[in-house]
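See below for the structure under consideration.
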Amino acid sequence: MAITTTDRPDSPAGRRSRGGDVLAARRRRSAAKSLGVVTALLAAFSVYAIIDGGLTLYLQRVIDGATNGVLYGMVALALVLVFKATGVINFAQGAMAMFGTFLAFTAVDKWAVPLVVAILIGMVLSAGAAAGIERVLIRPFDPSNHLPIIIVTLALYLALNALAALLWGFDPRGFPTLFPTGSDDYLSIGGARLYYTKLGTALVAVAVVVALHLTLSRSRLGLAFRCVASNVESSRLLGVHIGRTVQSSWAIAAAVGTLAGCLAAPTTYLDPTFMDKILIYAFAAATLGGLDSIAGALVGGVVTGLAIALLTGYIPWLGGEFALGCAFFVIIAVLQFKPSGLLGRRTQDRV
Amino acid sequence: MSRSTWQRRLVTLAIAMVTVASAVACSHEEAKQAAEEQKCGPSTSEPAQAGNPPSDGTVPTPNPDAKNWGLSEGCVYTGPGDFELDLSDCPSSWDNNAGITAEEIRLFTSMPHSGALAAYGAISGGIKTYLDYVNENGGIQGRKVTIDVKDDQYQPDQTRKNVEEAVQSGDYAASYAVLGSPNNLNLVDYTNKNCVGHYMVAASDNEFGDPTNNPWTTGFGLDYYNESGIWASWIKERFPQGAKVATISIGNALGQAYINGFKRAVEHTDGIEIVDEQTNDVTAPNVDNEVTSAAASKADVVVLAEAGTFCTQAIGAIEKSSWDPVVVAAQPCAQIQTTYAPLGEQGLTGNGTNVVRYYYAPTDPDNPHQDFAKLYTDTVSAAGLDPNNAQIANGWFWAWYIVQSLQDASTMKGGLTRANINIAVHSYESTYPLMVDGVVGKVSGTEDAYPFEAGGMYTYTGATPQKTGGFEPAGPLIDNSGELGNWEKAQNG
């Protein structure tokens with residue numbers, strides 16, 4: 001997908017100077033510009049919104065939108081992880097996250113382990129399962145031919161949904177949360193309520209993004225991810241183990257997805273379709289953020305969440321049913337005007 | 001001589017031709033009469049043995065008025081409430097006695113037994129266990145009633161295929177309790193064109209109550225318009241000085257039907273004003289945005305026309321908000337285990353939510369009809385089914401009213417025929433033992449096509465995050481009987 005200049009052999013002490021890298025500088029400028037445009041649009045709309053409905057309502061909508069957006073961003077993150085390493089969108093990402101969340105739920109409900117441990121169990125199990133799925137269902141296919149792999153992920157989506165329905169049924173279930181849930185456990189911001197559950201979820205999401213960004217931008221694994229996504233043949237010649245790289249991306253993505261599921265489930269409630277609904281918006285978030293940018297996924301998620309909350313909230317004739325339209329609009333607009341997204345890398349082909 | 005022979009032959013031939021022609025005409029007339037007899041005539045079988053229902057009220061007994069209804073003249077059958085059924089337009093091969101023998105009445109149904117909504121299909125287990133109980137206790141005046149269940153995975157096209165196959169087999173008297181709104185809407189034209197009983201559908205849309213245009217289709221249960229009408233009446237009682245109402249509905253046919261019905265009821269009720277309408281997409285991850293918008297209206301009452309997880313999400317989000325409206329929720333939000341129990345993990349309860357109830361689940365602790373509840377629990381458990389499954393309990397409720405109709409049809413003029421079953425499903429008046437006191441299931445021809453028009457509002461109370469609560473009456477029974485009438489009247493305001 002992109003030409004990477006990280007770890008250029010002639011960089012002094014392994015790090016390049018800021019001004020020395022024309023591509024990176026251009027990318028930063030482009031990202032700053034796009035973020036600026038989005039922020040300006042949001043700000044302009046916010047002025048109208050506050051005049052129209054008052055500050056408290058506006059803040060509540062921003063909180064609703066941003067906290068929902070964080071969930072979209074977390075799932076988008078899982079999509080991005082697989083995309084970064086394979087150039088493929090995993091349509092089963094939501095279903096895998098749902099399954100992992102059900103595993104964590106079973107651990108809490110049946111084995112009575114503490115929630116943190118249960119979530120970790122769910123993450124580890126789903127990472128292991130994803131590694132297995134990759135080895136058995138994905139690796140037999142040519143990694144440079146994306147279509148068959150995408151079809152396999154669609155089949156996997158259907159299979160996991162059916163299996164979860166069989167095992168756990170369709171009745172919604174409550175999922176415990178890591179954060180306090182008392183009726184007074186919220187921050188009051190100008191009269192709007194930000195519950196600790198949602199605040200905590202957002203903080204965890206930011207922490208995960210920072211951790212993954214640091215890990216992948218500074219480790220051999222991250223480099224291998226980009227290498228494989230960029231060109232399978234060259235990566236093989238350079239000695240990158242394609243299978244293992246793709247496998248680890250699937251495993252990490254599944255673990256992140258399960259974490260996202262466990263953070264979303266307390267407020268969306270748990271049933272076999274609960275992640276499908278988030279996945280649609282996660283596609284929009286990932287596209288908006290730039291499909292290969294980890295930070296972009298979260299930014300894209302939050303912007304998508306805010307756009308939905310503000311547009312459907314303040315433009316009455318749009319109504320809540322337009323939420324999906326918003327997501328669709330975001331995807332089309334990004335693909336049309338800025339295919340690399342807010343923070344993604346622009347594709348450059350050598351002629 | 002030769003001339004006279006020629007003339008004689010001609011005359012003989014002419015006489016022979018006339019004889020043959022009249023014989024053919026006669027037999028054609030006979031065949032026509034036989035076909036007409038098969039199509040419109042009375043019952044051709046008598047029950048092998050007479051059976052009487054038990055006297056303990058666990059099986060409905062025939063309505064004494066039923067003997068005045070049924071076969072009237074030629075192909076016309078009549079019932080109360082201006083109801084007239086003319087079989088002349090039915091297909092020529094139509095048989096008034098198909099699926100009915102001296103021993104048996106055969107019905108069929110189509111519902112999901114696999115796929116995402118397979119859980120709804122459990123209703124057939126309830127129907128079958130109650131019919132078995134009736135068959136063991138005298139049956140339908142000596143005849144046993146059986147039902148064949150076909151799986152459609154909730155796919156409307158498959159439902160239609162199942163019904164077409166069943167009709168072509170000629171083995172069944174009628175279809176009954178076919179499940180799902182889209183599935184039944186996809187059948188109405190076919191069943192009414194082919195004179196196929198399409199009775200007591202398991203869908204609450206008001207379209208099914210249209211006896212004038214679709215006499216072969218009948219609805220069942222509390223329909224959307226009557227339920228939302230009960231909300232409006234109750235809100236008016238609760239806020240005599242007037243109330244501002246916000247609505248939050250799911251963006252599909254279910255939500256739309258509730259909102260249409262509620263708006264119609266509000267137009268007929270002074271003092272209630274709908275100040276805000278929110279609709280969430282069926283693919284929305286949650287309804288936080290809609291609740292925030294509705295809260296901004298500062299309405300006194302919020303109506304939740306939701307289903308599934310959205311019920312729980314909406315009730316939870318309202319409880320967490322600074323808004324404190326009276327919450328009125330639709331039937332899909334009235335299941336304690338699925339709607340309210342999941343709130344506990346969030347430290348919420350759902351206390352204060354108001355729903356319509358018109359019959360008790362047998363397992364409801366406040367159900368005053370414990371004898372029948374015990375019969376239900378014992379019978380269902382003996383059949384290896386779960387008595388706590390709400391769909392199985394619904395099956396008993398549904399089955400009670402088809403048994404009532406078949407009992408009535410058996411005593412009508414012309415005996416038990418498919419036409420008389422049609423008259424009977426348009427003319428029953430019967431109280432299922434688990435009805436809330438004062439609620440009667442009653443239909444009357446074209447005048448009253450909706451069987452349940454009364455119900456009480458009940459408030460969910462006593463829950464803590466650790467344990468679920470129960471429903472308590474929130475005022476006297478609200479009875480809107482006869483106000484809606486039928487689908488034509490409902491549409492015209």
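Chain letters run A, B, ... following the sequence lines, proteins first and then strands; every chain starts at 1. Heavy-atom basis, side chains included; hydrogens, waters and symmetry copies ignored.
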With rounding to the nearest 0.5 angstrom, report the [atom1] to [atom2] distance, [X] to [Y].
X: N280(B); Y: T312(A); atom1: CG; atom2: OG1; answer: 10.5 Å
X: D271(A); Y: T312(B); atom1: CG; atom2: OG1; answer: 9.5 Å
X: W323(B); Y: Q60(A); atom1: CH2; atom2: CD; answer: 12.5 Å

Self-check item: Option in I248(B), T338(B), T283(B) with maximal non-hydrogen atom pairs under 4.5 Å from chain A
Solution: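 When all of I248(B), T338(B), T283(B) are compared, T283(B) has the most.
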Specify which of S321(B), A296(B), G344(B), G308(B) makes the most heavy-atom pairs with chain A at under 4.5 Å.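 If we count pairs closer than 4.5 Å to chain A, S321(B) comes out on top.
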Worksheet entry | Test item: V108(A) and E345(B) side chains (from C-beta on) under 4.5 Å apart, heavy atoms |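 Contact flag for V108(A)/E345(B) side chains = no.
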Subject >> Pairwise side-chain contact, T267(A) with Q313(B), heavy-atom cut-off 4.5 Å (strictly under) >> reply: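 Answer no - side chains too far apart.
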State, to 0.1 Å, how close [X] and [Y] come at their nearest heavy-atom pair, and which atoms those are.
X: A309(A); Y: N289(B); result: CB-OD1, 3.4 Å
X: Y269(A); Y: P342(B); result: CE2-O, 3.4 Å
X: Y281(A); Y: A284(B); result: OH-CA, 4.3 Å

Which answer fits [X], side chain, backbone, both or neither, if we ask what part of it has an atom under 4.5 Å from a heavy atom of chain B?
X: Y314(A); answer: neither
X: F179(A); answer: neither
X: R173(A); answer: backbone
X: N68(A); answer: side chain
X: F175(A); answer: backbone
X: I278(A); answer: both

field: Side-chain donor-acceptor pair present, D64(A), T292(B), cut-off under 3.5 Å
entry: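 Checked: D64(A)/T292(B) side chains pair up, N/O donor to acceptor below 3.5 Å.
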**OP:** Under 4.5 Å, counting heavy-atom pairs only, tell me which of A165(A), P266(A), G313(A) racks up the most with chain B.
**Re:**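 Top option by heavy-atom pairs under 4.5 Å: P266(A).
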* Would you say D52(A) has more than 12 foreign heavy atoms packed within less than 6.0 Å of its CG? ->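 Above 12, so yes.
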Checklist entry - If you draw a 6.0 Å radius around NZ in K110(A), do more than 12 non-hydrogen atoms from other residues or ligands fall strictly inside? => result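 Not more than 12 within 6.0 Å, no.
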Has the side chain of Y186(A) got a donor or acceptor atom that lies under 3.5 Å from a matching backbone atom of K320(B)?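 No; zero donor-acceptor contacts below 3.5 Å.
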Please look at V282(B) and chain A and tell me whether the side chain, the backbone, both or neither of the residue comes under 4.5 angstrom of a heavy atom of that chain.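 It is the backbone, since no side chain atom gets that close.
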